[in-house]
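Atoms within a ligand are numbered from 1 in the order they appear, just like the ligands themselves. Below, each value reflects all heavy atoms present in this structure, side chains not excepted, and no hydrogens, waters or symmetry copies. Model, not experiment: these values are computed from the prediction. Counting from 1, the numbers follow the sequence of the chain as shown.
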Amino acid sequence: MQTRLFASTGVKVPVIGQGTWQMKKDGLEALRAGIDLGMIHIDTAEMYTGSEELIAEAMRGIRKRIFLVSKVSPSNASYKGTLRACDASLKRLRTDYVDVYLLHWWSGSHPIADTMRAMEELVTAGKIRHIGVSNLDVDQLKQAQKGLKREKIVCNQVLYHLRSRSVESQVLPYCESQNIAVVGYSPFGKGNFPAATGKQGKALQTIAERHGKTPRQVALNFLTRRKSLFAIPKASNVDHVRENAGGTGWELAPDDLRLIDSVFPPPGENEPLEMI
Ligand code: NAP
């Protein structure tokens, strides 16, 4: 599995990780298979009922190998609420630290400065290694960073799939200018992957055949084509995990990129960031 530096963390992280939203207990085997393939960036959230407990099981005896990400829900993201939420996640995850702790999305329920102050305290306490955010546009990213005295925001986890490229408009260039990793979630459109019979599916198939890959591997390769980009597909099926692991370690050619742009148009200049 190809790895790359995850922003300023100094840690090399697999380009393709594993999402766990709505993963049930039967996803354990797939999670473990993914870990064996090097997909050790595992994403969860306090909101994903049952996921943190499942990951605890998958990480048993190998915690140090895993790059673990969890998230505080906006409704809990007051100063004290963030501290409490992190403790509760650590308990469910049966670990004493997460690698990156994120604010799940911006809601305005609590001042961002309070959330970020709590995040810095969690770093000091050794309960989280790094601070990240999710679903934040450029203005919100700037406000979140302003709330931090010592730490840097290391990632912004955002919706990114072929049919939703709004992140490329403003967030991706800004994150690259600030050395913030961009972690694309729902890379297959959450079950809305282009059908093989349509124009988009046929274009993916053409590119896949040129490289001896599958359309989903083409999608993952495209979504991680820049040094700032990571993807976290969710797969409960072991065969799906194996296929996803093959989305990296090879390169799309300029012709492939042009064909993708022609059927999945890139966003305009000022397109607002979409979220799920
Ligand atoms: P996704 O990864 O785009 O799609 C998941 C669906 O694709 C599942 O039905 C899965 O089936 C299927 N799939 C995966 N690999 C496949 C393959 N090789 N062939 C055929 N089907 C395949 O959707 P997602 O779960 O929304 O997004 C991924 C992760 O991003 C989440 O799990 C979560 O960790 C994170 N996320 C974050 C946010 C946020 O606000 N920060 C929001 C949404 C998601 P099986 O499960 O049956 O294998």
Among Ser186, Ala219, Ser236, which residue places a heavy atom closest to atom 26 (O) of ligand 1? Ser186
Counting both backbone and side chain atoms, is some N or O of Ala235 under 3.5 Å from an N or O of ligand 1? no
For Pro233, counting its heavy atoms only, list the atoms of ligand 1 lying under 4.0 Å from any of them. 2 (O)
Test your reading of the model: is there a side-chain donor-acceptor pair from Gln205 to the backbone of Ala196, 3.5 Å cut-off? no
Protein heavy-atom contact under 4.0 Å for atom 9 (O) of ligand 1? no
Out of Gln22, Lys24, Lys234, Gln157, whose heavy atom is nearest to atom 37 (C) of ligand 1? Gln157
Report the part of Asn244 in contact with ligand 1, treating N, CA, C, O as backbone and CB onward as side chain, heavy atoms under 4.0 Å; options are side chain, backbone, both, neither. side chain
Examine the proximity of ligand 1 to Glu243 and report which part, side chain or backbone, both or neither, has a heavy atom under 4.0 Å away. side chain
Regarding Glu120 and Lys149, does a basic nitrogen lie under 4.0 Å from an acidic carboxylate oxygen? no
Please name all residues satisfying ring pair (Phe, Tyr, Trp, His ring centres under 6.0 Å) with Phe222, sequence neighbours left out, ordered by chain then number. none
Please check whether Lys71 reaches ligand 1 - meaning an N/O of the residue sits under 3.5 Å from an N/O of the ligand, judged on distance alone. no
Where is the nearest protein heavy atom to atom 31 (C) of ligand 1: which residue, which atom, and how far? Trp21 CB, 3.6 Å
Starting from atom 3 (O) of ligand 1, find the nearest protein heavy-atom neighbour and note its residue, name and distance. Phe188 N, 2.8 Å
Using modelled atom types and a 3.5 Å cut-off, is there a donor and acceptor pairing between side-chain atoms of Thr206 and backbone atoms of Lys202? yes
Are any of the side-chain nitrogens in Arg242 or Asp239 under 4.0 Å away from the carboxylate oxygens of its partner? yes
Would you mind listing which atoms of ligand 1 come within a distance below 4.0 Å of any non-hydrogen atom of Pro187? 2 (O), 3 (O)
Numbering as shown, the atoms of ligand 1 that approach Asp43 to under 4.0 Å (heavy-atom distance): 33 (C), 34 (O), 35 (C)
Please answer whether the main-chain N or O of Leu229 pairs with a side-chain N or O of Thr224 as donor and acceptor at a distance below 3.5 Å. no
Just which atoms of ligand 1 are under 4.0 Å from any heavy atom in Ile232? 28 (C), 29 (C), 30 (O), 35 (C)
Treating Thr214 as the side-chain partner and Gln217 as the backbone partner, does any N or O pair qualify as donor plus acceptor under 3.5 Å? yes
Does a salt bridge link Arg63 with Asp99, judged by any charged N lying under 4.0 Å from a carboxylate O? yes
Please identify which atoms of ligand 1 are closer than 4.0 Å to at least one heavy atom of His104. 39 (C), 40 (O), 41 (N)
Select the closest option to atom 36 (N) of ligand 1 among Phe193, Tyr48, Trp105, judged by heavy-atom distance. Tyr48
Taking only heavy atoms of Gly189 into account, list the atoms of ligand 1 that are under 4.0 Å away from them. 3 (O)
Is Arg165 reaching over with its side chain to a backbone N or O of Phe264, donor-acceptor style, under 3.5 angstrom? yes
With sequence neighbours left out, write down each residue that passes ring pair (Phe, Tyr, Trp, His ring centres under 6.0 Å) with His104, or none if nothing qualifies. Tyr48
Measure the distance from atom 22 (C) of ligand 1 to every protein heavy atom, then report the residue, atom name and distance (to 0.1 Å) of the closest one. His240 ND1, 3.5 Å
Applying a heavy-atom cut-off of 4.0 Å, say which part of Arg216 lies close to ligand 1: side chain, backbone, both or neither. side chain
State plainly whether the residues Glu57 and Arg94 are in salt-bridge range, i.e. N to O under 4.0 Å. yes
Ligand-side contact atoms (ligand 1) for residue partner Thr20, heavy atom cut-off under 4.0 Å: 32 (O), 34 (O)
If you measure from CZ on Phe6 to CZ on Phe67, what distance do you get to the nearest 0.5 Å? 4.5 Å
